[in-house]
Amino acid sequence: MSGVQVSTTINGDVEEFVCHPGETLLDVLRNRLGLIGAKEGCGTGDCGACSVTVDGELVCSCLVLGAEVEGRKVTTVEGLADGNKLHPLQEQFLDNAALQCGICTPGFLVAAKALLDRNPDPTEEEIRYALAGNLCRCTGYDKIVRAVDAAAKDLRAEAKKAAKKKAAKKAKKA
Amino acid sequence: MAEQTYTDQEFKVIGTRPRRPDGVDKVTGRARYGADAFAPGQLVARVLRSPHAHATIKKIDTSKAEKMKGVKAVITSADLPDLTEGNRGNFDILENCMARGRALYHGHAVAAVAAIDEPTARKALKAIKVEYKVLPHVTDVDAAMADDAPIVQPHVQQDGKPSNIANVSQFGHGDVDGGFAEADVVIEKSYKTEQTHQGYIEPHACLASVGPDGQGELWVTTQGHFTFRTVCAQLLGMDIAKLKVTSSEIGGGFGGKTHVWMEPLALALSRKANRPVKLVMGRDEVFMGSGPTCSTSMDVKIGAKKDGTITAAEATLRYQDGPYPGPWGMLGAMTSFACYDLPNVKTVAYDVLVNRPKVAAYRAPSAPMAAFGVESTMDLVAEAIGMDPVDFRIQNAAKEGTRASYGPTYGPIGIGPTLDAVKNHPHMQAKLGPNQGRGMACGFWFNFGGQTCTDLNIGTDGTVNLTVGTVDVGGARASMSLIAAEELGISYDKVKCNIGDTASLGHNDTTEGSRGTFSSGMATIFAARAAVDVLKQRAALMWEIDVDDIEWKDGAAHAQGVAHSNLAPLTLEEIAKKSPQTGGPIAGHNEVVADGAGVSFASHICDVEVDPETGSTRVLRYTVVQDAGKAIHPAYVEGQFQGAAAQGIGWALNEEYVYGEDGRLQNPSFLDYRIPVCSDLPFIDTEILEIPNPNHPYGIRGVGETSIVPPLAAISNAVSNAVGVRLDHIPMSPPRVLKAIKDGNGA
Amino acid sequence: MPTVSLSSGFQDAADGAASVDIEAATVRELLRLLLERYPRMQSHFDEGVAVSINGDIYRDIRDLPIPTDAEVFLLPRLQGG
Amino acid sequence: MRYEAPTSSKEAAKLLAGTKGKAVVLAGGTDLLVRMKMGHVEPDLIVDIKRIEATQAIKKTASGFKIGAGVPGATMGRNSALKKAWPGVVEAAELIGSDQIQGRCTIAGNLCNASPAADSVPAMVAAGAKAAVVGPNGRRTVAVEKIPTGPGKTSLKKGEMIESISLPKKAPRSGDAYLRFIPRTEMDIAVVSAGVNLTLDNKGVVKMARVALGAIAPTVVLVEDAAKAIVGSKLDEEALSALAAACEAACKPIDDMRGTIEFRTEVAGVLGRRAAKLAYERAGGKS
């Protein structure tokens, strides 16, 4: 078995690694790069605990080979916060007690961010279906759905504020 | 014991909802769970499992695997202590971890390897040759009770003959035959429930390290690291104090992580290889090789007068334990009629052995199945006498002074209040559409206490380190911090709660039976009070007055009496700062047997819609009412209610172990073992009742388990009201519901 | 003198008795005297027992005083999830 | 084990054909990686086809649509022209697994995995989709229903791979639909499924229909009798009953952990009927 050399971008940083041809991205992240945020709940794409995005597309990292991410951009839960500022989803998960054991939380956060990136104002039903690939056994999903809804509101308010600021700046320039 | 008694104190921080102290780690991916530990030079272990449900193991040839490059250790039962002559319980635990001469279920471990990496370990497993002689098997509980059933454990006997019936338990009082004779209506019905798994998202995982000097460490996802330490040390012949067990963050347990499954194998491999060994189960192994709950079969009979008085109730319960005897049928017998005030009641339970995985506790173990039978029958009786099912239950609800069906007499309890809350809940008045139905049901669980040991240390800046020995399964650190802050009179954010490893605290019982907040909460209260005594002594030294003249309130020492009216209060922070000069570190410590946990009741309401053409059931609305005694952190109490209800909903509708004719488990994956997904569920409304437990200073009862008990019956009652068919087999999967509709099972 | 009710599993070991009168001030004394009277109880004690006093279940506390006229039940030790 | 990511189909076919041991195609990987994890397949060579340009795009052509073999379901769902023309096919593709699976899974992979329960296949069969196959001996075009030959088995020869799937141009007054039954609301394999594609005349009478059922036989089945039952009708109750009966008659299912023979047969009729009604509405028919 010969190793595959891979160069990729993870959470904005260039990473280079050598992996087995059949090794999953999940195993690479956890065992070779020390990024333990993605969890293996099943290894077969049924639980979503290993969710990451590759080139912006939400995937289960257990169903991606490490070798496949050559030249791609990977984002994991470790890349969610902006420096020491937590992402609104992270803030709302904490405020809404949306985690109990927390093992599914990284996957939910990554999946919820993927949802809000393309749909900033989802209905409850849209949230539930978008998160259907993430299993949680502790919460009954109630507080998770509420947290995502609250974070969506926060993000919309942030976006509105930013747009206003931009407009004001433009007006000032003019 | 007096200090354990409930006092109706006013709270400042108890009942608030602050962020959990371990929260940031858990939303940033930093928190370390069972599989998140790494040691220099660690090996990867894998387990070889039996493909047969029942077989004699004639020979295991590991020689090829042992010679493979990169393989550092291979073990079979021959490498583990032979406990045949010792305690049967320990023998059973070890034999379940590693088969000894016989495989008792599909997935029973037969050998294990440790190698330099995963691909090598997998290859090594393939190189192990096992010679089996396949034996007849039995996986169904009723079939296992038949006279000609294959015998699972030859040493288990009834009436001098080998039998699969491991235990018969009986509870009750009064004269049931006389009671039934008095009844105007008697309903008798049989029910079946299939086997379900706790379904925690984190598979079992550990990192073991044992040296040739007999000292070892184990990092493991567990509900009870102290128990794991004792059990592993006993099984492997190690000294308890020389094995340090650290509980990782735990990714769900629900009872399934109260038992050792493969941890002794990791330790044995490490001892043999003299290298750290990491062992993580795959999801299929979790389903096959850890402990689900029982499948059951039961007959329930309830008789009542037309005025709604129950005259007698009887249940015969058959619980399947896997291949090792457990207390599961007995718990079903104790809990089945616990909600009601019955003059004549009798329950008989059989614990039955089959060729399935060893059964483990699953959240209020054994109670949900019995409640399914009893609460379904309750609805049938109510219907037969023309009474509203809630009113019927209210009329017969147990209360203070009722003799419980399992024996003792109840103190103050919450079944009546939960039923009143249900009756008055707006949910009960909401309109229903076509093919929709509403159901309700009640549930009971004991709650436990147990051995607990807690340490509280105050730093010189006035911040507090609280170390508890019960694991944090869902926000316990927040609750413990609230309790310490309340007792000391300081703010929540001045307390940092840690989970101590087995080297840093005395024994703590496993976090099971809803005991975490009840017992560690109690030990925390006492540890904090001990620390307050020290703080007062230190203040006395600083002031040079008598300690008896000092009162502790609002986080400060207050000098009492006119003589000391010139002394401004000394805050905890001020006293802590001076502690190096007043006698050194300030600490409080407590060890307690926190017994006397109060029993807990819940009543649930649910609405469903059934597609009559496909048998598909959707839960539209769900409400949980449960007695918490006292909710320390209400958000996490709600979370327990919601999570328990969700597990019950999954159990009711879709979750089941499916065995083939060959005795093999067909669906060991989250694809085909269908736990509810986000889009399957509605919001789950909660109502927390607080009927104080007289045996806890804050009135805490424990909240984790009770709400998994009612959903099976609540949903079944709702389905019955939606489409007019009575389901007697859980899960109510679409094929079963459609068949019932076609067959017109309107009974 | 407290009357100890035995749940069914224990009755065989107590020669079929459903309840036993035992003069005991604490749980520890009660269990000791019960075992002296019925040595076959030992196997149950090994598996674990709990005692209910006036409706509250105690699994481990042994020093607990038993009030006069208390309702006392001997129960199997319970397991939870 | 080797991993290769060629940049042309020809190169991929050469690699696949030239390997002595087991060579597998990696498109979305949502089936392949599961089988590798479970130890059901241990390939000697993995050929990742996603670096081949022809597999990466959805193209609108004169004769319809060409969907690259590496295009994930999520991308199909975002293509409004495709969605408008073939809503049933797109919905079927989007029903494969969760959003995470959608980020990877492909309809070509779904076809080659050859599961009788594959979600996109009944919809593709009903739509008359064709697969562009590239192999060591060149290219050929095959009707999708000819690809799977049994559970896990395909008619593809050693070295062959699917480069793209073509859907015909949408006929006027036509519509398609796909429905499946699963016990949960998401994440399950179809217990039974139905794809219907039909075209109406200007009076609203069905003039052409294709009905395909999934999970009721070793492969997805094109049920000609079901189509016959509704052709010439305005999808009245009588026609629908005949369609349901034809669907039930076509069922040769198995009893397994996902459903019983009785259940699958019964629900095949229910879904055939519901899918036909939906397709009829989409075609502009008024019932």
Side-chain angles (χ1 to χ4, degrees), chain B residues 1 87 89 167-173 198 223 253-256 258 293 326-328 330-331 333-334 348 360-365 400-401 403-404 406-411 413 445-451 509-510 512-515 593-599 693-695 702 704-705 708, chain C residues 2-14 16-20 22 24-31 34 40-81:
Chain B
M1 287 306 295
N87 175 295
N167 284 307
V168 186
S169 320
Q170 190 178 319
F171 291 88
H173 53 254
Q198 300 83 353
Q223 289 175 247
F254 316 110
T258 58
T293 190
W328 314 118
M330 180 194 81
L331 286 170
M334 293 177 80
V348 181
Y362 177 17
R363 205 168 199 160
E400 185 164 3
R403 182 162 179 202
Y406 59 87
T409 303
Y410 288 125
I413 55 170
W445 183 245
F446 297 100
N447 298 331
F448 306 155
Q451 298 182 68
D509 280 347
T510 300
E512 62 175 357
S514 300
R515 73 175 286 270
V593 175
D595 257 340
V599 295
N693 172 13
N695 298 312
E705 294 171 285
I708 199 175
Chain C
T3 300
V4 185
S5 303
L6 304 176
S7 54
S8 69
F10 303 115
Q11 292 175 9
D12 187 40
S19 65
V20 192
I22 286 184
T26 66
V27 173
R28 187 185 313 283
E29 191 181 2
L30 175 97
L31 294 178
L34 201 58
R40 285 198 293 139
M41 283 277 181
Q42 187 62 53
S43 65
H44 294 295
F45 283 27
D46 291 345
E47 284 170 20
V49 294
V51 176
S52 156
I53 296 172
N54 290 333
D56 295 325
I57 299 173
Y58 299 92
R59 295 200 304 173
D60 290 307
I61 291 182
R62 293 285 180 266
D63 300 330
L64 198 68
I66 302 175
T68 37
D69 303 329
E71 177 203 74
V72 183
F73 260 91
L74 189 67
L75 296 169
R77 191 182 167 88
L78 308 172
Q79 258 184 289

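Order of the sequence lines sets the chain letters (A, B, ...), proteins ahead of strands, with each chain counted from 1.
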Using heavy-atom distances under 4.5 Å, tell me whether [X] contacts chain C through its side chain, its backbone, both, or neither.
| X | answer |
| --- | --- |
| B:F448 | side chain |
| B:Q223 | side chain |
| B:D509 | side chain |

Under 4.5 Å from any heavy atom of chain B, what part of C:D60 do you find: side chain, backbone, both or neither?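 Both parts, backbone and side chain.
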Would you mind checking which part of C:I53 comes under 4.5 Å of any heavy atom in chain B, side chain (CB onward), backbone (N, CA, C, O), both or neither?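 Neither part.
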Contact winner vs chain C - [options], heavy-atom pairs under 4.5 Å:
| options | value |
| --- | --- |
| B:W328, B:Y410, B:Y362 | B:W328 |
| B:G255, B:G407, B:G596, B:P694 | B:G407 |
| B:M334, B:Q198, B:Q170, B:R515 | B:Q170 |

Does atom CG of C:D46 have more than 12 heavy-atom neighbours, drawn from other residues, nucleotides or ligands, at distances under 6.0 Å?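 It does: C:D46 CG has more than 12 such atoms within range.
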Out of curiosity, B:R403 CZ to C:S5 OG, how far, rounded to the nearest 0.5 Å?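 Answer for the CZ-OG pair, B:R403 versus C:S5, is 6.0 Å.
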Quick one: closest heavy-atom pair of [X] and [Y], and the distance?
| X | Y | result |
| --- | --- | --- |
| B:M330 | C:R77 | CE-O, 4.1 Å |
| C:S7 | B:F171 | CB-CE2, 3.5 Å |
| C:E71 | B:P408 | OE1-CA, 3.3 Å |

In terms of heavy-atom pairs under 4.5 Å, which option from C:S8, C:S52, C:G55 contacts chain B the most?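 Greatest number of close heavy-atom pairs with chain B: C:S8.
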Side-chain (B:D595) to main-chain (C:I61) donor-acceptor, under 3.5 angstrom: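 Yes, because the side chain of B:D595 sits within donor-acceptor range (under 3.5 Å) of the backbone of C:I61.
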Would you say the side chain of C:L78 lies within less than 4.5 Å of the side chain of B:Y406, judging by non-hydrogen atoms?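 The answer is no, as the side chains (C-beta and beyond) never meet within the 4.5 Å cut-off.
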